[in-house]
Amino acid sequence: MTRVLLIRHCEPEPAAAGRCYGSLDFGLSEDGRAAARELAKAVRIDAVVSSPRRRALETAAPLAEHNGLQVEVDDRLRELDFGELEGLTYEDVERTRPEVYRAWMEAPTEVTFPGGESYAVLRARSLAALDEVRARHAEGVCAIVAHGGPIRAILAGCLQMPDSAVFRLAQSYGGVSVVDWAEGVPTVRLVNVPPAAVILALCSPPS
């Protein structure tokens with residue numbers, strides 16, 4: 001049996017607030033770094049795979065260190081690329097790109113961002129990365145540290161949810177979801193639980 005912990009990065013630095021930031025490489029805030037250290041103490045893992053973005057790597061690093069591991073980096077686990085919208089506030093987008101903003105708000109998984117990506121592209125690369133992670137780590141517990149977009153795509157794939165429903169899956173900073181695979185069939189155990197030791201005790205290695 002394979003158990004995968006899907007961990008959204010902890011809180012990013014304040015400059016990220018209210019902005020479109022997929023490719024922009026923000027690190028963690030002070031609170032985010034503290035949360036990452038606490039998370040590391042609560043989770044026992046056999047491998048950790050991370051998005052290449054600093055906010056994910058800074059969340060993954062304490063996990064790896066605490067468990068005596070090296071972080072494996074997979075570029076396919078990066079967040080959605082917002083293209084020309086990167087770095088803009090939502091108010092900026094609404095004012096300067098009203099048609100894109102309206103389409104985004106009405107059907108977010110159907111938009112291809114100018115110069116960037118669509119959700120379909122993100123979903124395909126995230127699920128491909130997951131398949132390879134599972135193949136490399138067929139036994140034990142593996143943590144994937146990524147972003148709200150890739151984690152929602154992976155959970156939606158496991159649950160066979162339509163794209164239009166993915167935002168029903170809450171993704172908090174530092175939130176942890178747990179999926180087990182037995183004979184290739186996923187079972188979603190937990191979704192977006194807070195990184196508290198009492199709750200993460202439920203994430204003990206599968207027997």
Side-chain angles (χ1 to χ4, degrees), residues 3-45 48-64 66 71 74 77-82 89-90 104-105 108-109 119 122-123 126-127 129-130 133 141-159 161 163-180 186-204:
R3 171 164 287 178
V4 175
L5 308 185
L6 300 168
I7 303 173
R8 189 184 181 192
H9 63 79
C10 295
E11 180 187 77
E13 58 192 272
R19 297 188 181 277
C20 302
Y21 66 103
S23 296
L24 288 183
D25 210 10
F26 290 110
L28 296 182
S29 67
E30 289 292 337
D31 287 346
R33 285 192 285 272
R37 291 191 294 270
E38 290 303 308
L39 175 65
K41 297 174 185 177
V43 179
R44 206 284 293 172
I45 55 175
V48 56
V49 184
S50 177
S51 155
R53 300 292 179 250
R54 283 177 52 210
R55 53 196 183 273
L57 289 171
E58 290 177 6
T59 303
L63 276 172
H66 191 76
V71 177
D74 192 321
L77 293 170
R78 67 191 186 279
E79 184 56 287
L80 184 75
D81 184 348
F82 289 98
T89 66
Y90 299 113
W104 184 14
M105 294 300 107
T109 58
Y119 172 77
L122 177 143
R123 178 189 61 208
S126 300
L127 293 176
L130 172 69
V133 168
V141 181
C142 179
I144 290 178
V145 182
H147 311 265
I151 292 174
R152 284 190 177 98
I154 290 170
L155 287 171
C158 293
L159 294 167
M161 293 173 60
D163 291 353
S164 59
V166 297
F167 288 100
R168 298 178 186 179
L169 297 166
Q171 284 295 299
S172 305
Y173 293 133
V176 181
S177 301
V178 181
V179 186
D180 290 341
T187 299
V188 177
R189 300 290 184 191
L190 295 171
V191 175
N192 196 45
V193 298
V198 172
I199 295 176
L200 288 178
L202 298 174
C203 301
S204 57

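In this text the structure is predicted, and so the values were computed from the model without any measurement. Residues: numbered from 1 along the sequence shown.
Of the listed residues (Arg78, His147, Glu79), just one forms a side chain to side chain donor-acceptor pair (under 3.5 Å) with Ser51, and that residue is His147. When each of Leu63, Val178, Val48 is paired with Ile7, the side chain to side chain contact (heavy atoms under 4.5 Å, CB included) condition holds for Leu63 and for no other.
When all heavy atoms of Ala36 and Leu28 are compared, the pair lying nearest together is CB-CD1, 4.3 Å. For the pair Leu57 and Pro52, the tightest heavy-atom approach, listed with the atom from each and the gap, is CD1-O, 3.2 Å. Taking both residues in full, the closest heavy atoms of Ser50 and Val71 are given as CB-CG1, 3.6 Å, listed atom of the first, atom of the second, then distance. Of all heavy-atom pairs spanning Ala129 and Asp74, the tightest one is CB-OD2, 3.7 Å. Summarising the geometry of Val191 relative to Ser177, their closest heavy-atom pair is CA-OG, 3.4 Å, with the distance given to 0.1 Å. In terms of heavy atoms, Leu80 sits closest to Tyr119 at CD1-N, 4.2 Å.
Going from atom CZ of Arg123 over to atom CG of Asp163 covers 4.0 Å, rounded to the nearest 0.5 Å. Separation of atoms CG (Leu122) and OG1 (Thr109) is listed at 11.0 Å; rounding is to 0.5 Å. For the atom pair NE2 (His66) and CG (Leu39), the distance works out to 10.0 Å, reported to the nearest 0.5 Å. Annotation: the span from Leu5 atom CG to Cys142 atom SG amounts to 8.0 Å, rounded to 0.5 Å. Atom CZ in Arg37 sits 11.0 Å away from atom CD in Glu58 (nearest 0.5 Å). Note that NE2 of His9 and CZ of Arg54 are 12.0 Å apart. Values are rounded to the nearest 0.5 Å.
Not a single donor-acceptor pair under 3.5 Å links the side chain of Glu13 to the backbone N or O of Phe26. Within the 3.5 Å criterion, the main-chain N or O of Gly32 finds a donor-acceptor partner in the side chain of Ser29. With Arg8 contributing its side chain and Gln171 its backbone, the two residues share a donor-acceptor pair below 3.5 Å. Looking only at distances, a side-chain donor or acceptor of Arg152 sits under 3.5 Å from a matching main-chain atom of Leu169. A donor-acceptor contact shorter than 3.5 Å links the side chain of Thr59 to the backbone of Cys10.
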Criterion side-chain contact (heavy atoms from CB on, under 4.5 Å) on Cys20 and Tyr90, from CA distance to verdict: CA-CA 7 Å; Cys20 302; Tyr90 299 113; 3.9 Å; yes
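Counting only N and O atoms by type, the side chains of Thr187 and Asp180 include no donor and acceptor under 3.5 Å apart.
When side chains are defined from C-beta on, Leu127 counts as touching Ile154, because their heavy atoms get closer than 4.5 Å.
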